[in-house]
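The structure under discussion appears below in the form of structure tokens.
By convention here, the first residue in the shown sequence is residue 1.
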Amino acid sequence: SYRRYSFYAQDRWDVRDNLQLTFGIRYELPTFPDDPVENPLVFSTYGRHTSEVPTSNGLWNPRFGFNWDVTGDAATQVRGGVGLFSGRAPFVWIRNAYGNTGLEYVTFTCQAAQGVPAFSPDPNNQPRNCTNTTTAAPNNINLVDPDLKLPQVARYSLAIDRQLPLGLVGTIEGLYTQSVNDLLYRNLRIEEVAGTTVEGRQLYRNRNTPGLGQAIDVTNTDEGSAYSLTGQIQRPFRNNWDFSIAYTFSRSEDKGPLNNSTANSNWSFNLHRDDPNKPELTLSDNDVPHRIVGTTSYRLELLRGLSTDLSLVYVGQSGKPYSFRYNGDINGDGSTGNDLVFVPADASQVRFEPFRAPGTNGASDRGQLITPAQSWNNLNAFIESTECLREARGRIIQRNSCREPWSNRFDFRVAQNVSALRGQNAQITLDILNFGNLLNREWGRSEFQNNQAFNLLTPTSAAAVNGQRQYTAFTI
């Protein structure tokens, strides 16, 4: 269990009739009344206590804002602010340490040769390994840096609103966010070994830790940032209609998406080019460099004395970024889903196994043989047809350097106001999301890649030759 204490104070100071200053401060204190169970084997192996969780790591979040009516007639207003902010605490990531000390449960799989233990109805006398195995089954361990601070960012904003001719209002706004305390996962079990892959990728191995599996630790990093610049023109509602149009250019970078609830998944699926415990700062999964948002609404009277509002919203934006990875463990760190691919410049930089595709004309049909040369021709054509791969030839591709196509979407709403009892008003609404797709199934389509990662090459079990792995036939 956990408890969270929060305190907030704010004051606004009207320095002048046209200048307001706002000061605020928030204090967040998460506490964990109970400690996880201590596992002595983890301490003797890694020098870390499974019973340690953050204590008294409160966060002070001061902030300041201002609004300046430059000429005193609301024709030009300058507004902005700066401050520290922390959102809702992701306690699920801390909870992992309580359920994965290595003592709460045991997970193991037994083949027939290893001996499958008999069922035991006694909850205090459950099997802990296969019957023909003397070593304890390895259990994954989750650790939390005792100095861990919950996520916190510093945010800066500045905007100008200006009255324009024809009753329009123009806005330019900039926003910059810098990580102060973000989260980073590490696997304490892996260690470097001599040698590299042919493309220069460091090789790793899992240390021999009897009774212990992966040891995933969560700590802090201050690397990560995002910025955006928005321009908007709007017509406030009058004469029964309004509209607005806005364009935003933005960029966001981080060291990992943190889009899983378990520690092992947050580490093992964090794509990297070299050190899995020190991922580089790259585009985030949520990076959207270009976005256009347009809205308009019109009020008419279809029923006497009762207004009807029609609204249309358009959102057009860049597609999500994605990456190309191996479907297997290339660097020996034990994860089969975190190695970004090396994009070969020519056939000499990749090895394929010959493969005979299954026949379709009965038992006598031996199928088609796909030679390594044919696999290279298929892969080479795919690389040439994919811009991000084409630009990465001869090197390991960077995380999220590829992008899905631009998407367009319209949403439509009808809101009918009706009279209710005793002078109260009620409203009946109809919302049609992605209205364009209702009219034409080719409109409003949004392409995406599952998990924002595409498995490009699958390594075989064959031994590497001069640091170069062999891959299954490429047939796309």
For the residue pair Leu183 and Thr221, establish whether any side-chain heavy-atom pair is separated by less than 4.5 Å.
no
Does a side chain donor of either Asn338 or Arg325 reach within less than 3.5 Å of an acceptor in the other side chain?
no
Using every non-hydrogen atom in the two residues, find where Arg441 and Asn437 come nearest and quote the distance to one decimal.
O-ND2, 3.1 Å
For the residue pair Ser252 and Ala226, what are the closest heavy atoms and their distance?
CB-CB, 3.7 Å
Could you tell me whether the side chains of Asp35 and Ser51 share a donor-acceptor contact shorter than 3.5 Å?
no
Parallel, tilted or perpendicular for Phe324 and Phe454, by the 30°/60° rule?
perpendicular
Phe66 and Val78, any side-chain heavy atoms less than 4.5 Å apart
yes
salt_bridge(Asp275, Arg201) N-O dist < 4.0 Å
no
Where is the tightest heavy-atom contact between Leu340 and Ile397, given as atom of each residue plus distance?
CD1-O, 3.4 Å
Leu310 versus Leu300: any side-chain heavy-atom pair under 4.5 Å?
yes
State whether a side-chain donor-acceptor pair under 3.5 Å links Gln152 with Asn61.
yes
Report yes if some heavy atom in the side chain of Pro279 is under 4.5 Å from a heavy atom in the side chain of Asn270; otherwise report no.
yes
Assess whether a salt bridge exists between Arg395 and Glu199, defined as any Lys/Arg side-chain N lying under 4.0 Å from an Asp/Glu carboxylate O.
no
Check for a donor-acceptor pair, side chain of Asp339 on one end and backbone N or O of Ile330 on the other, with a separation under 3.5 Å.
yes
Derivation and outcome, salt bridge (charged side-chain N to carboxylate O under 4.0 Å, His left out), residues Glu447 and Arg445:
CA-CA 7 Å; Glu447 299 181 20; Arg445 297 169 65 96; over 6 Å; no
Will you find, in the side chains of Tyr298 and Asp309, an N or O donor that is under 3.5 Å from an N or O acceptor?
no
Under 3.5 Å side-chain donor-acceptor pair for Thr50 and Thr101:
no
Could you tell me whether a side-chain N or O of Arg409 sits under 3.5 Å from a main-chain N or O of Val315, the two making a donor and an acceptor?
no
So, Arg186 side chain and Asp217 main chain: donor-acceptor pair closer than 3.5 Å or not?
no
Would Arg48 and Asp145 count as a salt bridge (charged side-chain N to carboxylate O under 4.0 Å, His left out) here? Give the steps.
CA-CA 9 Å; Arg48 293 286 300 275; Asp145 186 341; 5.3 Å; no
Just by distance, no angles: are the side chains of Ser228 and Ser250 close enough, under 3.5 Å, to form a donor-acceptor pair?
no
Is the backbone N or O of Leu283 less than 3.5 Å from a side-chain atom of Asn400, with the two atoms forming a donor-acceptor pair by type?
yes
Looking at Ser265 and Thr262, would you say the former's side chain and the latter's main chain have a donor-acceptor pair under 3.5 Å?
no
Is any side-chain heavy atom of Pro289 closer than 4.5 Å to one of Arg251?
no
Provide the closest heavy-atom pair for Asn378 versus Phe474 in the form atom of the first, atom of the second, distance.
ND2-O, 2.8 Å
Can you confirm whether the side chains of His49 and Glu38 place a donor and an acceptor under 3.5 Å from each other?
yes
Measure from the side-chain N and O atoms of Glu384 to the backbone N and O of Asn380, and report whether any donor-acceptor pair falls under 3.5 Å.
no
What is the distance from atom CZ of Phe237 to atom OG1 of Thr296, rounded to the nearest 0.5 Å?
10.0 Å
Does the plane of the ring in Phe32 sit parallel, tilted or perpendicular to the ring in Phe91? Use 30° and 60° as the thresholds.
perpendicular
Sub-3.5 Å donor-acceptor pair from the side chain of Ser284 to the main-chain atoms of Asn286, do we have one?
yes
If only atom types and distance count, is the side chain of Gln77 paired as donor or acceptor with the main-chain N or O of Val70 below 3.5 Å?
no
Please tell me whether Phe410 and Phe435 form a close aromatic pair, meaning their ring centres lie under 6.0 Å apart.
no
Under the 3.5 angstrom rule, does the side chain of Arg63 hit a backbone N or O of Leu84 as a donor-acceptor pair?
yes
Trace of the salt bridge (charged side-chain N to carboxylate O under 4.0 Å, His left out) decision for Glu391 with Arg393:
CA-CA 6 Å; Glu391 294 177 349; Arg393 281 189 183 270; over 6 Å; no
Please check if the distance between the ring centroids of Tyr27 and Trp60 is under 6.0 Å.
yes
Salt bridge (charged side-chain N to carboxylate O under 4.0 Å, His left out) between Lys255 and Glu223, worked out:
CA-CA 7 Å; Lys255 303 196 75 172; Glu223 295 188 68; 3.2 Å; yes
Decide whether Asn142 and Asn100 meet the rule of one side-chain donor and one side-chain acceptor closer than 3.5 Å.
yes
Modelled atom types, side-chain donor and acceptor of Trp443 and Asn434, under 3.5 Å
no
Could you verify whether a donor N or O on one side chain and an acceptor N or O on the other, from Arg12 and Asn67, lie under 3.5 Å apart?
no
Any luck finding a side-chain donor-acceptor pair between Thr177 and Arg155 under 3.5 Å?
yes
Between Arg399 and Thr282: side-chain donor-acceptor atoms closer than 3.5 Å:
yes
Quick one: do the Gln427 and Asn417 side chains pair a donor with an acceptor below 3.5 Å?
yes
Tyr176 ring center near Tyr227 ring center (under 6.0 Å):
no
So, do Tyr326 and Tyr471 have ring centers that fall under 6.0 Å from each other?
yes
Modelled atom types, side-chain donor and acceptor of Ser244 and Thr295, under 3.5 Å
yes
Pair Thr71, Asp73: side-chain N/O donor-acceptor within cut-off below 3.5 Å:
yes
Side-chain donor-acceptor contact under 3.5 Å, Glu173 with Thr230
no
Quick one: closest heavy-atom pair of Asp285 and Pro257, and the distance?
OD2-CB, 3.3 Å
Shortest non-hydrogen contact from Pro321 toward Arg403
CD-NH1, 3.6 Å
Using a distance-only test with no angle check, is there a side-chain donor-acceptor pair under 3.5 angstrom linking Gln214 and Asn187?
yes
Exam field: side chain Asn220 to backbone Asp182, donor-acceptor pair closer than 3.5 Å
yes
Distance-only donor-acceptor check, side chains Asp11 and Trp13, under 3.5 Å:
no
